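Report on the following structure.
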Amino acid sequence: MPELPEVETIRRGLEKEIINKIISEVQVKTPILIKRPQVDEFIARLKNVTIVATNRRGKYIIIYFDTKEYLVIHLGMSGRLLYQPEKDIFLENSKDIEKHNHIFILFKDGSKIIYNDIRKFGKIWLLEEKEQLHRINSLGFEPLDPSFSIDALQKLLKNNNKNIKSFLMNQKNITGIGNIYANEILFQSGVHPCRKANSLKKDEIKRIYLNIRDILSKAINSGGTTMIDESYLDLNGNKGEYGKSLMVYGKKADICPVCGIPLEVIKIDNRSTFICTNCQK
DNA sequence: AAAGTAACCTGCCCGC
DNA sequence: TGCGGGCAGGTTACTT
């Protein structure tokens with residue numbers, strides 16, 4: 001589910017709501033989600049710590065504590081973080097939602113963060129200051145960071161013989177792009193997703209580069225993409241508005257918004273890929 | 001060694 | 001009405 005814009009929206013929510021809060025207690029209903037350390041230790045080490053900062057790397061959320069320890073959270077396909085300012089908030093469909101509440105982080109002021117995840121593909125680690133995760137160290141460029149330049153992209157592409165969509169979705173190249181935004185970036189760049197990365201011309205690379213930054217930025221500004229099923233919600237339970245700006249993703253049996261011919265759906269790496277064969281060459 | 005496939009889970013939608 | 005198949009924003013581990 002959540003790609004960079006959704007994860008960044010959630011991180012901003014955390015920055016706004018939980019900085020300086022003190023954890024009074026952590027409850028874990030689904031231990032399998034905690035990857036490190038063991039659950040008992042996880043709970044014990046989080047007691048009485050203060051939240052001092054948040055960060056994001058690709059699709060990973062990072063929460064730092066005054067103890068110098070830090071929490072790493074990946075939401076998988078259906079993970080959510082939900083903030084509740086106090087007890088007994090009324091939620092629509094609360095039974096369906098509550099069924100998938102797995103972890104509760106309670107704060108001394110009575111507010112809490114709930115980790116909710118229908119499919120349980122998410123993962124959480126609590127790490128010491130000197131501990132690092134290989135999976136984060138091996139991530140590629142942060143696409144909105146100044147270090148991600150057009151030259152950097154060009155170099156990566158030159159040495160890559162995969163198709164451009166697989167390239168964009170490989171987190172070791174650029175991190176944070178998933179299926180929605182890969183589709184949108186390639187459509188708006190006029191590049192067919194099956195094109196080999198090392199075959200792209202300079203003007204195509206430039207368009208892809210600009211669209212990566214433009215689309216991800218706009219999606220963040222819209223609070224991410226909530227599809228009809230509403231599986232993505234931000235920290236405060238709000239939907240993201242970028243779905244209204246999607247041009248091809250999810251538009252099965254629809255027409256190209258630019259030229260009007262029927263869109264096609266193909267599979268790349270077993271993921272649905274929406275294309276206009278007239279606009280994307 | 002690259003490329004394809006299965007696995008991890010739950011829920012929804014469709015066709016029969 | 002029910003059952004099976006396919007699908008879903010992700011990533012890793014195993015197989016050819």
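Proteins get letters first, then strands, A, B, ... in listed order; numbering begins at 1 in each. Values in this document were obtained by computation on a predicted structure and should not be read as measured data.
Look at A:Glu241 and A:Lys244 and you find a salt bridge, because one of the NZ, NE, NH1 or NH2 atoms lies within 4.0 Å of a carboxylate O, short of that distance. At a threshold of 4.0 Å, the pair A:Arg80-A:Asp117 does not count as salt-bridged, since none of the basic side-chain nitrogens sits closer than that to a carboxylate oxygen.
In this structure, A:Lys239 places its NZ atom 19 Å from P of C:dG9, rounding to the nearest Å. Atom NZ of A:Lys35 and atom P of C:dT11 are 14 Å apart (whole Å). Rounded to whole Å, the distance from CD1 on A:Ile180 to C1' on C:dG9 is 5 Å. For the pair A:Lys252 NZ and C:dC7 C1', the computed distance is 8 Å after rounding to whole Å. Atom CZ of A:Arg119 is separated from atom P of C:dT11 by 13 Å (rounded to the nearest Å). Going from atom CZ of A:Arg271 over to atom C1' of B:dT5 covers 14 Å, rounded to whole Å. Counting to the nearest Å, the C1' atom of B:dT10 and the CG atom of A:Leu75 are 16 Å from each other. One can place CD1 of A:Ile118 at 16 Å from P of C:dG10, the figure rounded to the nearest angstrom.
Across all strands shown, A:Thr225 has heavy atoms under 4.0 Å from base atoms, whether or not it also approaches the sugar-phosphate. Looking at heavy-atom distances under 4.0 Å, A:Tyr249 makes contact with sugar-phosphate atoms alone, never a base. Across all strands, A:Phe121 comes closer than 4.0 Å to base atoms (heavy-atom distances). A:Gln171 comes within contact range of the sugar-phosphate backbone alone, with a heavy-atom separation under 4.0 Å but no base atom that close. Heavy atoms of A:Lys59 sit under 4.0 angstrom from primed sugar atoms or phosphate atoms, though from no base atom. No contact: A:Lys172 has no heavy atom under 4.0 Å from any strand.
You'll find the side chain of A:Tyr209 reaches within 4.5 Å of the side chain of A:Phe148, heavy atoms only. Between A:Glu204 and A:Lys202, the closest side-chain pair of non-hydrogen atoms is not below 4.5 Å.
If you take atom P in B:dA7 and the same atom in C:dG6, they sit 15 Å apart, rounded to whole Å. Comparing the same atom, P, in C:dC3 and in B:dC9 gives a spacing of 23 Å after rounding to whole Å. Of the P atoms belonging to B:dC13 and C:dG9, the separation is 16 Å, rounded to the nearest Å.
For A:Asp229, taking side-chain heavy atoms from C-beta onward, the closest of the listed nucleotides B:dG11, C:dA8, C:dG9 is C:dG9. The side chain of A:His74 sits closest to C:dT11 out of B:dG11, B:dC8, C:dT11. For A:His100, the side-chain atoms get nearest to B:dG11 when compared with the rest of B:dG11, C:dG10, C:dA8.
There is no side-chain donor-acceptor pair under 3.5 Å between A:Thr30 and A:Lys120. Side-chain contact annotation: A:Ser147 with A:Asp145, donor-acceptor N/O pair under 3.5 Å present.
In this structure B:dC14 sits in a base pair with C:dG4, meeting the Watson-Crick or G-U test at under 3.5 Å. Across all strands shown, B:dC9 forms no Watson-Crick or G-U wobble pair with both key distances under 3.5 Å.
Residue A:Lys267 places none of its side-chain N or O atoms closer than 4.0 Å to OP1 or OP2 of B:dT5. Residue A:Lys123 has no polar side-chain atom (N or O) positioned under 4.0 Å from OP1 or OP2 of C:dG10. Residue A:Ser78 has no polar side-chain atom (N or O) positioned under 4.0 Å from OP1 or OP2 of B:dC9.
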